[in-house]
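To keep things clear, I will list the structure first and then write my remarks on it.
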Amino acid sequence: MGVRKWMKRMVILDLLLAGMLFFLHMRESAESVYTAAAVYGTEGDAAAPPGGAVTRPGAPAERETGRKIALTFDDGPHPRYTVKLLDGLKERGVSVTFFVTGANVEKYPEIVRRMQDEGHLIGNHTYHHIQLTAANGEQFRDEIISTNEAIREVTGEDTAYIRPPYGSWNKKYEEELNMFPVLWSVDPRDWCSDDKACIVSNTVSRIKEGDIILMHDQYPSSVAAALEIVDRLQQEGYVFVTVEELLLD
Ligand code: NI
């Protein structure tokens, strides 16, 4: 082959290789941007914090095997809405995860016991729903411990899962307190809308295998939306599991 022809071939190969590398790079950065946005969603009106944990589990190959997703409910239990939600979940045979505050566990122990009896996972959401800041590390740690104690008092079991309010977390607590932080990948912002249809469509249009949906069992619209989300996504072949099952899978 002549030198010119050989060089031409090398240029084509180079271009192909560069194109492939570019494609791989784009795919990777798209994914990492998504993950960051997904994991540091905002809860309430707080800004997304740094330093949380990545909760999206599973390599793509693993995600092919099932279509599991997890519904999570923060801030409860609520004497009326949590009970309504539990009724609806029981009818549908669905397990979810409740991140409860210690104060509410002490107010409504019978609802927490019912959560446990009906196969739901119970996690920690601090005692007074406080946000971890640079200044309140010790108080935050005490709130985690007192909430763990409140949960154990009622259920007889320790929980290893915490959803830190507003997603603010410091990794040092993972080893120190043996707690695993669970953030979320889909935030329907149910707290800022009482429009059930809007909450439902916000969620079902974005859902993917392995997603963790953040909701609050504090509003009638959230409960109604959650049950409709279950009905719609079950029809699409999704299976609702606790975050433990999702993360251990
Ligand atoms: Ni909360």
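These numbers come from a predicted model, not from an experiment. Counting convention: from 1, in listed order, for ligands and their atoms alike.
Between the side chain of Tyr173 and the backbone N or O of Gly137, at least one donor-acceptor pair lies under 3.5 Å.
The nearest N, O or S atom of Asp74 is not closer to the Ni ion (ligand 1) than 2.8 Å. Within the 2.8 Å limit, His216 places no N, O or S atom next to the Ni ion (ligand 1).
Here the N, O or S atom of His129 that is nearest to the Ni ion (ligand 1) is NE2.
Below 30°, between 30° and 60°, or above 60°: for His129 and Tyr166 the angle between ring planes is above 60°, a perpendicular geometry.
Between Glu228 and Arg232 there is a salt bridge, with a side-chain nitrogen of the basic residue lying less than 4.0 Å from a carboxylate oxygen of the acidic one.
Residues satisfying the side chain to side chain donor-acceptor pair (under 3.5 Å) criterion with Asp190, sequence neighbours excluded, are His216, Ser222.
Angle OD1(Asp75) to the Ni ion (ligand 1) to NE2(His125): 80° [nearest 10 degrees].
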